[in-house]
Amino acid sequence: MSLQVYNTISRNKETFTPLVEGKVGMYVCGVTVYDYCHVGHARVMIVFDIINRWLKQIGYDVDYVRNFTDVDDKIIARAAERGIAIDQLTNEMIAAFYEDADALGCDRPTHEPRATAHMDEMIAMIEALVQRGCAYVSASGDVLYAVREFAAYGKLSGKNIDDLESGSRVDVDNTKRDPLDFVLWKMAKPEEPAWDSPWGRGRPGWHIECSAMSCSHLGSTFDIHGGGMDLKFPHHENEIAQACAANDGNFARYWLHNGFVNINSEKMSKSLGNFFTIREVLKTYHPEVLRMFMLGTHYRSPLDFSDRALDEAKTALDRIYETRKRIAETAAIVDAALPARFVDAMNDDFNTTEALAVLFDLSRALNKGLNEKSDVAELIGQFTAITKLLGIARHDVNEWFQGGESDTDRIDALIAERAEAKKARDFARADAIRNELAAEGIVLEDTAAGTTWKKA
RNA sequence: GGCAGGGUGGCUCAGUGGCUACGGCGGAGGACUGCAAAUCCUUUAUUCGCGAGUUCGAUUCUCGCCCCUGCCUCCA
């Protein structure tokens, strides 16, 4: 089965065929760098990391572009609040972003353009829009996009301009020809960061940067554009309007949107204030647990975030590590192809849930084979290939089960003492030692090769 | 109000026009063990929100209804 992807614009799964054989251009909307990333951002990172990995796995040369929005009202406000320069804030937040993304095991995109480094492209695109009659300068001096001039407006999100107007709760801005018109270039106030442009000193609107940066890196027509569901409208709709009206290309051919992270069935968001930053969560949970948690649900479905769900992801991941631990004790790694069921799952719109089911089945078969001392070389190869691709169970097994424990010498001494006691059939003493450690959260496991321990 | 997505076992989460509805967590029993832990085996939904229709046959398709969530304003 060839790769099928759900394309938001057609609301259907489609066979994926790249524009240029063997190559994929993919643009994903990144973050506005004014604060730490929360778990919702983690989902975008992980989802598109998996998509990127899978595209490469099936042989594509992927140009994965993800932007940083480093100029915007919220950034200006935050920098002022903290009394620091804008680029100090954005650099700090970009560094934090990388810490989080790296911890979560996400590969770096091939290009990570910053809006402030692409002013020329944005201005050129706005000029083209003005020339073609799709943009105008408003009474306030801002350059606005004239939504009515773009016939296909609303196609991606399935919206009808007139319905939007009737349902609009937004205050009417009478400098706009149409309430839906949006800013392309915003005049700067004296204190604000500004760039020269044909319309005066100012800064770009949010939407234009993605149109400009995606097209400048990937061309006016490219394969995949992704981001969170909430970006569908108006952000992605506006990107399409800008890019298609300014260039003669078709912009993105496949639109991929990931579902939200919810808390108590409500969307996690800044405005609701019900968010956890990635770094907060990582104080309690290993980053791989968060990754596992994300992979357990299909990327387009909502994902309910809770301690309980993370605990379950941890337990499930422990199971995979238990298998790895047993593998480490036995055979050498052999290379094996990914199992067909796994490949089919991933080709079916990146179905990581099913892919994990394959991994767990494999884990069981492997444990059983190990118990029965049968030849498991092929299974080990498959197991390893899957975990590597998904980016889970990639840490050292001892580190995983014992990491962060400082008192290992004492534990080892107690285990040795218990072994002596067991030898002498002094089970009371042996059990006392085990209970003592259990009370500290150390669980002992007696195996044929001796006793090992792990943190509960 | 418009549009979009969803309601599957105690929880979670896949999936399919028809053999025994995937996996994880949890529960029960068993094997192994001195006892545990880990692992393995068995077991845990006459049933996939409700009603009707299409069909030889629907959880899967169509229609209606109920409920949930999201977008329609910045938001991953």
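By convention in this document, chain letters (A, B, ...) are assigned in the order of the sequence lines, proteins followed by strands, and residues within each chain are numbered from 1.
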| query | So with a 6.0 Å cut-off around CD of A:E191, is the heavy-atom count from everything else above 12? | reply | no
| field | Minimum-distance nucleotide (side-chain atoms of A:K267 versus B:C74, B:A4, B:G70) | value | B:G70
| message | One thing to verify: whether A:D446 and A:R418 come together as a salt bridge, which I'm taking to mean a side-chain N less than 4.0 angstrom from a carboxylate O. | response | yes
| request: Could you tell me whether A:D73 contacts a base, only the sugar-phosphate backbone, or nothing, with contacts defined as non-hydrogen atoms closer than 4.0 Å? | output: nothing
| salt_bridge(A:R410, A:E405) N-O dist < 4.0 Å | no
| query | Using atom P of each nucleotide, how far apart are B:G30 and B:C35 to the nearest Å? | reply | 13 Å
| request: Grab the stems for RNA chain B, please: at least three consecutive Watson-Crick or wobble pairs, both distances below 3.5 Å, written as range with range. | output: B:1-7 with B:66-72, B:10-12 with B:23-25, B:26-31 with B:39-44, B:49-53 with B:61-65
| All side-chain contact (heavy atoms from CB on, under 4.5 Å) counterparts of A:V39, not counting sequence neighbours | A:V261, A:M268, A:F276, A:V281, A:L290, A:M294, A:F305
| query | Between A:L310 (CG) and B:G24 (C1'), how many Å, whole number? | reply | 14 Å
| query | What is the per-nucleotide protein-contact pattern of nucleotides 34-44 of chain B, from the 5' end, where B denotes a base atom under 4.0 Å from a protein heavy atom, S denotes such proximity for sugar-phosphate atoms only, and - denotes neither? | reply | BBBBSSSS---
| field | Euclidean distance, A:T110 OG1 relative to A:M26 CE, rounded to 0.5 Å | value | 8.0 Å
Would you be so kind as to tabulate the donor-acceptor pairs closer than 3.5 Å made by side chains of residues 27-38 of chain A, with sequence neighbours excluded?
unit_1: A:Y27; atom_1: OH; unit_2: A:N67; atom_2: OD1; d: 3.3
unit_1: A:D35; atom_1: OD2; unit_2: A:R78; atom_2: NH1; d: 3.4
unit_1: A:D35; atom_1: OD2; unit_2: A:K270; atom_2: NZ; d: 3.1

| said: A:Y6: which residues meet the side-chain hydrogen bond (donor to acceptor under 3.5 Å, both in side chains) condition with it, sequence neighbours left out? | reply: none
| said: Suppose we screen for side-chain contact (heavy atoms from CB on, under 4.5 Å). Which residues come up paired with A:S269, at least two apart in sequence or across chains? | reply: A:K267, A:S271, A:L272, A:N274
| remark: Residue set satisfying side-chain hydrogen bond (donor to acceptor under 3.5 Å, both in side chains) with A:R279, at least two apart, ordered chain then number -> A:E99, A:D100
| request: Using a cut-off of strictly less than 4.0 Å between a heavy atom of the residue and any atom of RNA chain B, enumerate the qualifying residues of residues 292-302 of chain A by number. | output: A:G296, A:T297, A:H298, A:S301
| field | For A:A135, side-chain contact (heavy atoms from CB on, under 4.5 Å) partners two or more places apart | value | A:L129, A:V130, A:V143, A:L184
| Partners meeting side-chain hydrogen bond (donor to acceptor under 3.5 Å, both in side chains) with A:K159 (sequence neighbours left out) | none
| query | Under the criterion side chain to side chain contact (heavy atoms under 4.5 Å, CB included), which of A:V5, A:L295, A:N258, A:V47 is the partner of A:F350? | reply | A:V5
Can you check nucleotides 19-22 of chain B for protein contacts, nitrogen or oxygen pairs under 3.5 Å, and list what you find?
unit_1: B:C22; atom_1: O2'; unit_2: A:R341; atom_2: NH2; d: 2.9

| query | side-chain hydrogen bond (donor to acceptor under 3.5 Å, both in side chains) with A:D304: which residues, sequence neighbours excluded? | reply | none
